[in-house]
Number of protein chains: 2
Amino acid sequence: MNARSIVSEDAPVHGTSATPVQESRIARLCVERGLKMTGQRRVIARVLSDAEDHPDVEELYRRATALDSRISVATVYRTVRLLEEKGILERRDFGGGRARYEASEHGRHYHLIDIDTGKVIEFEDEEHEALMRRIAERLGFDLISLRMELFGRRVPAQESASAGKAGDKAGAAGRERKAPAALGGGKA
Amino acid sequence: MNARSIVSEDAPVHGTSATPVQESRIARLCVERGLKMTGQRRVIARVLSDAEDHPDVEELYRRATALDSRISVATVYRTVRLLEEKGILERRDFGGGRARYEASEHGRHYHLIDIDTGKVIEFEDEEHEALMRRIAERLGFDLISLRMELFGRRVPAQESASAGKAGDKAGAAGRERKAPAALGGGKA
DNA sequence: TTATGTGCAAACAGTTTGCCCTATC
DNA sequence: GATAGGGCAAACTGTTTGCACATAA
């Protein structure tokens, strides 16, 4: 996606360099929550801040090492888990067997996955959540969270309305093989 | 759930026995689709037919071997995949990192997972799908399938309305540890 | 009889973890 | 300088697969 802008930041970020490169948005959040800020965390935070898609750990690792090679996958896993626990990140499962991440408070939104290309379109739906909350209440529950993904196929010709705000390239969501726990719903 | 009724069927099922034990509903579906009916498939089919919950492979394996010990996990995996491809079964992901299964055409319904107990309540919502289809269309997509799970917590006192139709005991859906790709949505 | 299914164990992918060194506060 | 974080590689979990044998049709 914005791999370009990420890579162009290439220089300082980690080290003992001149210009103090201002902290990324997520790095700032980390500091606020009192996390010890190491070089690798700063890099990962920057990658996450710059990401406009929903990268999986492998992709985060790739982008992070492009900025600073002394980062291991283990650290990416640990950091991503930490940030999720701190409420800074949110984990997603679009099928395909790997967790994918995006910063919290991108505003409440849902995802529509193009089953042919794996592209992810975000959309909002104000009423939806309220509706589900009501349903949960009717069943005697407080709604704590909800998960919803739509899987669709681009309708061919005729020009249709505007698309969502963010694209995404990582592997298609369909079930090729090796997709342990994915694709729920029926034929809709 | 109905482990009792499953176990009580114990006798024939597999073999060269007297009373021809009538085929389970799913076994019948298998025959209709031209699947070769082996002893183990018949057992697995029966377990699935009798299940009123959403067992994972481990649980299916446990129940199946209780009926007939000469079944391996590999076979359960293979069978479950086969049945899913044939549209007889549907795979679910309630978080917790293992796929869970239920027979197709239980009618269209959704799931509310009790985050404290892992219990799964089913509920219907006629409009919901139509609403999502409209949203997808607005984005230029045909809705192929959709996935939605609510995660909630039982509201304490006051007697509230009726619960759903099916309970479920297998491991809580929450994120204790070791849950690779699960729990999506935000704080709702 | 012949294509298909099964058991077993090894292989895999994604993720976690133990140990020991390093860096941050 | 004490304590939390990171690298590396080994361990784990859920799931798939290769192979030789068994079995339904």
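Numbered from 1 within each chain, the chains take letters A, B, ... in sequence-line order. Heavy atoms only: backbone and side chains are in, while hydrogens, waters and symmetry mates are out.
Tested against B:Tyr110, the residues B:His128, B:Arg147, B:Glu124 include a single side-chain contact (heavy atoms from CB on, under 4.5 Å) partner, B:His128. Of the candidates A:Asp53, A:Asp68, A:Asp56, A:Asp53 is the only one forming a salt bridge (Lys or Arg N to Asp or Glu O under 4.0 Å) with A:Arg63. Checked against A:Leu48 for a side-chain contact (heavy atoms from CB on, under 4.5 Å), the options A:Thr79, A:Val43, A:Leu83, A:Leu29 give a single hit: A:Leu83.
At the heavy-atom level, A:Arg41 lies under 4.0 Å from the strands shown only through sugar-phosphate atoms.
Atom CZ of A:Arg78 is separated from atom P of D:dA9 by 14 Å (rounded to the nearest Å). The CZ atom of B:Arg62 sits 11 Å away from the P atom of D:dG14 (whole-angstrom rounding). Per the geometry, CZ belonging to A:Arg100 stands 19 Å off P belonging to C:dA13, to the nearest Å. Atom C1' of nucleotide D:dA24 and atom CZ of B:Arg42 are separated by 9 Å, given to the nearest angstrom. Rounded to an integer number of Å, the gap from B:Asp68 CG to C:dT6 C1' is 12 Å. Between the C1' atom of C:dT24 and the CG atom of A:Leu82 lies a distance of 15 Å, rounded to the nearest Å. Taking atom CD of residue B:Gln40 and atom P of nucleotide D:dA24, one finds them 8 Å apart after rounding to whole Å.
Listed nucleotides D:dA4, C:dG7, D:dT23 differ in distance to A:Lys36; the shortest reach to its side chain belongs to D:dA4. Listed nucleotides: D:dG6, C:dC8, D:dC8. Nearest to the side chain of A:Ala74: D:dC8. Across D:dA24, D:dG5, C:dT17, the shortest atom-to-atom separation from the side chain of B:Thr38 is found for D:dA24. Taking only side-chain atoms of B:Ala99, from C-beta outward, the nucleotide of D:dT15, C:dT15, D:dG7 with the closest atom is D:dT15.
Aromatic pair B:His111/B:Phe94: centroids less than 6.0 angstrom apart.
Between B:Arg81 and D:dT16, a side-chain N or O to OP1/OP2 separation shorter than 4.0 Å is present.
Using modelled atom types, one finds no donor on one side chain facing an acceptor on the other under 3.5 Å when comparing B:His54 with B:Glu90.
End-to-end axis angle of the helix from C:dT1-D:dA25 to C:dC25-D:dG1, from C1' rotation axes over five pairs per end: 30° (rounded to 10 degrees).
The residue among B:Val57 and B:Met37 whose nearest nucleotide of DNA chain D lies closer to the 5′ end is B:Val57.
Proximity of a side-chain donor or acceptor of A:Arg100 to a complementary backbone N or O of A:Pro55 within less than 3.5 Å is not detected.
For the pair A:Arg91 and A:Glu84, the salt-bridge criterion is met [side-chain N within less than 4.0 Å of a carboxylate O].
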